Structure formats: C-alpha cells, structure tokens
Number of protein chains: 2
Amino acid sequence: MNTPEIPEIVVRRLPLYARTLSWLVEENVQTVSSQELGANLGMSPAQIRKDLSYFGEFGKQGTGYDVKYLLSQLRQILGVEREWLVALVGVGDLGHAIARYGGFGKRGFKIAALFDNDPRKIGQQVGELEILGMEALPMVVKGLRLRLGIVAVPAAKAQEVTDYLVECGIRGILNYAPINLHVPKGVRVRYIDPVVLLQSMTYHLKSG
Amino acid sequence: MNTPEIPEIVVRRLPLYARTLSWLVEENVQTVSSQELGANLGMSPAQIRKDLSYFGEFGKQGTGYDVKYLLSQLRQILGVEREWLVALVGVGDLGHAIARYGGFGKRGFKIAALFDNDPRKIGQQVGELEILGMEALPMVVKGLRLRLGIVAVPAAKAQEVTDYLVECGIRGILNYAPINLHVPKGVRVRYIDPVVLLQSMTYHLKSG
DNA sequence: TAGATTGTTAATCGATTAACAATC
DNA sequence: TAGATTGTTAATCGATTAACAATC
C-alpha cells in the first residue's frame with residue numbers, strides 16, 4: 001500500500017490537497033474535479049492527477065473526486081487520522097505563543113509536554129501544562145511515545161537541543177530557530193522562518 | 001544590475017545563504033568556500049556557486065568567499081539593507097504572538113501597525129502599538145508607505161482581508177491563515193502553516 | 001449517446017550536478 | 001610552483017505538462 005519512491009515534493013503537496021478538501025467539506029461541496037482543485041491551489045490539473053495517482057485511483061471519469069472520500073484517503077495516507085502528540089522545547093516568547101496557539105489542536109496535533117532549561121521557568125504552568133526541565137525529556141518521550149518535536153529555542157542552542165531530541169527518539173522536528181539543522185538519516189526537519197520568507201519578497205519589491 | 005530571468009527558486013534560497021553568512025560573521029569566520037557553505041546548508045557546492053553566479057562574481061579562486069563581503073552583497077540583492085515596515089492584520093492569539101515576537105525587529109522587519117475588525121479590540125494597546133480598525137488601513141499604508149502585510153485572521157476571512165490589503169497597495173503578503181490565497185500578478189504571497197509541515201512528516205512516521 | 005473527466009504515457013521543461021579551464 | 005576553489009558549460013536528472021484512450 002505504501003509504495004516507495006514517492007517523490008518528497010509530492011508528499012509535501014498532499015497536506016495542501018487535504019487542507020483544501022477540508023475546506024470544501026465545510027462548504028458542503030460534494031464533488032470536485034482536478035480542474036477545480038487546481039484552480040483553487042494555483043496548480044495544474046495534470047499535476048494533481050499525477051500526484052494522486054502515486055497512491056491509487058480516487059476519482060471517477062466524467063465526475064471528478066468525491067470530496068469526503070478523497071479527503072479520508074489522503075488523511076489515511078498522511079497518517080493524520082489519529083491525534084499526534086508533540087513535545088515543545090523552548091518556552092520563551094515564541095514557545096509560549098506556540099503552546100497557547102489553538103491551531104494545532106483543531107487540526108490533529110496536541111502539544112503534550114513543554115521543556116526549557118531555564119530554572120526560573122521550570123515548574124511554571126502554561127495553559128494545562130507544566131514546564132519541565134530538559135532532564136525529563138527521555139522519560140516523557142518514552143512514556144507518551146512522542147515522535148514529533150518543536151524547537152523554539154534561540155538559534156545558538158537549536159542544534160544541541162535537536163541532537164538531544166533525536167537521541168531521545170524524536171523522528172520529526174519542526175524548527176522555528178533561524179538556523180539549518182543537521183540530523184541523521186531517518187529523521188526529518190521542517191523549517192519555519194518568517195523572515196526568510198519576507199526577504200524573498202523584498203527581493204521583488206526593493207525597486208518597486 | 002538586476003538581471004531578469006532569475007528563477008524564483010534561486011531567489012528563495014538567497015535568504016538562507018544570507019542567514020548562514022550572518023551566523024558565520026558572528027562566529028568571526030572570515031572566509032568560506034562553496035564547499036563549506038554547502039555542507040552547512042545541506043546543498044551541493046555547485047548549486048551555491050551557480051545561484052550566486054546569477055548575480056555576479058563574489059568569490060576568489062583558491063580561497064572562496066569573504067563572508068562579510070558576500071553577506072553585504074546578498075543583503076543588497078535582497079533589498080534588506082534598509083528596515084521594512086509591515087502591517088499586521090488580525091490581532092487574535094496568533095496575531096498577538098506575532099506582534100510581540102522579537103525576531104522580526106532584530107532582522108530588519110518592524111511591525112508598524114496593527115489592524116482588527118473586532119470593536120472590542122480596536123483601541124487596545126499591544127506593546128507600543130494601538131490596534132486600529134480596518135477603515136484606517138488605506139491611510140496608514142499610504143502614510144507609512146507600507147508594501148508588506150501579515151495576514152493572521154481566521155481562514156474564512158483571509159481572502160477578503162487579502163483583497164483589501166492589495167487594494168490598499170500592499171505588494172507582499174505573509175499568510176498565516178491555513179488557506180491558499182489568490183492575488184493579482186505583481187503581488188506575492190508566502191505561506192506559514194505549521195500543520196501542513198507536520199503532516200508531511202507524519203506521512204513518513206505513520207508506520208514507524 | 002454526448003459530454004466530461006480520469007489515470008497514464010510520452011514529451012517538454014527546468015533544475016541540479018559533474019567537470020574543468022581559469023586563476024588566486 | 002602546487003594546491004585550492006571559483007565561475008561556467010554541458011550532461012544529467014527529475015518534475016511538470018500535454019495529450020488521449022478509457023470510461024463514467
């Protein structure tokens with residue numbers, strides 16, 4: 001079922017398809033064609049059909065795709081039918097905001113534990129969670145079977161924290177620190193750096 | 001100087017080069033080769049040399065690149081030698097966090113005005129800024145010559161807000177709402193959706 | 001049946017990399 | 001000079017798209 005050799009770039013587009021399909025479900029749309037989906041997402045219908053074809057045949061000629069069915073298939077493929085628990089390391093301003101941000105929970109990801117190395121922060125309560133010291137990480141990861149971690153520490157500490165997360169069994173890292181991380185094979189990293197995105201726009205605006 | 005036909009994918013990598021070079025400056029590194037830069041960024045030396053060659057010749061054979069010089073050139077190319085002012089629309093939990101997050105200011109982007117359409121929020125103070133009503137947007141954009149905007153409203157409002165921003169003269173939008181935006185040519189959008197990134201990792205972890 | 005749209009193949013397009021002359 | 005590394009070209013690789021038979 002889980003064919004190998006799926007290009008990573010295709011995997012990264014699947015969540016976008018799922019996101020749009022969720023939207024269509026809310027809008028009570030029953031059926032969608034690759035044409036319409038493409039128009040919404042700003043990509044070609046051919047690309048959408050090709051991407052989906054890596055995983056199976058989900059559509060019907062002449063009609064398109066059943067929105068609910070395709071969404072449920074995509075959620076299965078992505079492994080997001082269950083809830084995923086996430087460890088958050090670094091509870092400064094940014095970490096606080098991430099911990100309190102409701103958007104994760106609504107969409108299947110629950111921040112299940114907070115860690116920081118600042119003794120003044122350890123023991124503090126953020127929402128329903130208490131901030132734990134870094135030494136608690138291995139036990140918590142094991143106890144809650146965590147596979148995902150969010151890094152929200154200063155850039156200077158991010159690689160060190162990452163190494164520790166990986167050592168403890170974390171296999172996917174969402175990194176908010178503005179630095180490139182090095183991880184062993186089998187561990188994935190995704191990056192969020194708003195400034196990098198803004199800079200790729202100022203390039204176009206600088207002489208506008 | 002500003003050769004056309006630079007692939008967008010190259011433009012998007014320039015800020016990553018700049019970010020790493022800033023780091024090297026702080027580490028007091030004088031000189032770096034495409035080899036070393038590539039190792040740090042997880043890309044091939046050839047790619048880095050090719051990317052840079054779109055903009056000029058910045059290196060020295062046998063030696064590599066002068067870190068400070070290359071950084072200053074990249075900052076010029078990206079247009080980030082000046083400070084950019086940004087409008088933030090939507091001051092809910094997420095917007096609050098963005099407004100208070102110090103990371104923008106340190107790296108050349110200043111959130112200069114806050115907007116919301118909730119009468120209970122208008123007039124409130126967040127840090128040094130007062131939350132303004134949406135009707136103030138055109139005047140503020142003109143007065144401060146804003147070109148960049150951040151969208152942090154619920155998905156259902158994001159397109160509407162975007163249309164309004166564009167109408168008011170905003171030409172680059174950083175969108176935190178989990179939805180694809182449609183903008184006219186000449187306007188750029190960049191997306192931040194942590195859940196989409198997490199989902200592209202759970203794909204790999206689902207049966208691990 | 002006529003119209004629409006899928007899934008898939010082959011062609012095209014574009015991005016990455018290997019290789020090397022130039023040169024510090 | 002010997003060693004290192006650039007900038008650039010040509011070759012390779014991979015992703016996107018056009019086109020169409022299949023079929024609802």
Side-chain angles (χ1 to χ4, degrees), chain A residues 1 3-18 20-21 24 29-74 77 180 200 203, chain B residues 1 3-18 20-21 24 29-74 77 180 200 203:
Chain A
M1 185 62 57
T3 331
E5 303 306 350
I6 312 280
E8 184 63 21
I9 197 167
V10 172
V11 172
R12 293 201 184 211
R13 280 193 293 257
L14 297 183
L16 301 175
Y17 300 156
T20 298
L21 289 165
L24 292 173
V29 176
Q30 307 285 318
T31 277
V32 72
S33 66
S34 59
Q35 178 68 240
E36 295 164 322
L37 209 45
N40 189 296
L41 283 159
M43 49 183 71
S44 78
Q47 178 162 81
I48 288 168
R49 295 202 302 276
K50 181 120 223 282
D51 283 358
L52 296 177
S53 76
Y54 282 105
F55 302 95
E57 311 193 351
F58 307 109
K60 195 147 69 168
Q61 286 102 323
T63 309
Y65 302 88
D66 181 273
V67 172
K68 280 187 182 168
Y69 174 70
L70 181 54
L71 176 57
S72 79
Q73 292 295 302
L74 283 175
I77 291 164
N180 196 64
S200 75
Y203 169 81
Chain B
M1 185 60 59
T3 331
E5 303 306 350
I6 312 280
E8 184 62 22
I9 197 167
V10 172
V11 172
R12 292 202 185 210
R13 280 194 293 258
L14 298 183
L16 301 176
Y17 300 156
T20 299
L21 290 164
L24 292 174
V29 177
Q30 307 285 319
T31 277
V32 72
S33 65
S34 59
Q35 179 68 239
E36 294 164 322
L37 209 45
N40 188 297
L41 283 160
M43 48 184 69
S44 78
Q47 177 161 81
I48 288 168
R49 296 202 302 276
K50 182 121 222 283
D51 283 358
L52 296 177
S53 77
Y54 282 104
F55 303 95
E57 311 193 350
F58 306 110
K60 195 148 69 168
Q61 286 102 322
T63 309
Y65 303 88
D66 182 273
V67 172
K68 280 187 181 167
Y69 174 70
L70 181 55
L71 176 57
S72 78
Q73 291 295 302
L74 283 175
I77 292 164
N180 196 65
S200 75
Y203 169 82

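From a predicted model like this one, the values you see are computed outputs, not experimental measurements. Each chain gets a letter, A, B and so on, in the order its sequence line appears, and its residues count up from 1.
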Self-check item: N/O (side chain, A:S34) to phosphate O (OP1/OP2, C:dT5) under 4.0 Å
Solution: no
Quiz item: Rounding to a whole Å, what distance do you find between A:Q47:CD and C:dA11:P?
Solution: 20 Å
Quiz item: Between atom OH in B:Y54 and atom P in D:dT9, what is the gap in whole Å?
Solution: 12 Å
Quiz item: Any side-chain heavy atom of A:N180 sitting closer than 4.5 Å to one from B:N40?
Solution: yes
Exercise. Send over the distance from A:I6 CD1 to D:dG14 P, rounded to a whole Å.
Key: 15 Å
Quiz item: Do side-chain atoms of A:Q47 reach the backbone of A:S44 as a donor and acceptor pair under 3.5 angstrom?
Solution: no
Self-check item: Nucleotide nearest A:S53 (side chain, heavy atoms from C-beta), chosen from C:dT8, C:dT6, C:dT16
Solution: C:dT8
Quiz item: Just how far, in rounded Å, is C1' of D:dG7 from NZ of B:K60?
Solution: 16 Å
Quiz item: Donor-acceptor pair, A:D51 side chain versus A:V10 backbone, under 3.5 Å?
Solution: no
Self-check item: Under 3.5 Å on both distances, the Watson-Crick or G-U partner of D:dT5
Solution: C:dA22
Quiz prompt | C:dG7 OP1/OP2 closer than 4.0 Å to side-chain N/O of A:Y65 | solution = yes
Quiz item: Does A:R49 place a side-chain N or O at less than 4.0 Å from the phosphate oxygens OP1/OP2 of C:dT6?
Solution: yes
Practice problem: Give the rounded distance in Å between these two atoms: CG of B:L52 and C1' of D:dT5. | Solution: 13 Å
Quiz item: Do any side-chain nitrogens or oxygens of B:S44 fall under 4.0 Å of OP1 or OP2 in C:dT17?
Solution: yes
Exercise. Answer yes or no: does a side-chain N or O of B:Q61 lie under 4.0 Å from OP1 or OP2 of C:dA22?
Key: no
Practice problem: Compare all side-chain heavy atoms of B:K68 with those of B:Q30 and state whether any distance is below 4.5 angstrom. | Solution: no
Quiz item: Are side-chain heavy atoms of A:S34 and A:Y65 found at a separation under 4.5 Å?
Solution: yes
Exercise. Starting from P on C:dG14, measure out to NZ on B:K50 and report it in whole angstrom.
Key: 13 Å
Quiz prompt | Spacing between A:I48 atom CD1 and D:dT16 atom P, to the nearest angstrom | solution = 12 Å
Practice problem: By nearest nucleotide on DNA chain D, pick out whichever of A:E8 and B:T63 is the more 5' one. | Solution: B:T63
Quiz item: In whole angstrom, what separates A:F55's CZ from C:dT8's P?
Solution: 13 Å
Self-check item: Listed nucleotide nearest any side-chain atom of B:I9, set C:dT5, D:dT5, C:dT16
Solution: C:dT16
Self-check item: Opposite nucleotide pairing with C:dT12, Watson-Crick or G-U, both atom distances under 3.5 Å
Solution: D:dA15
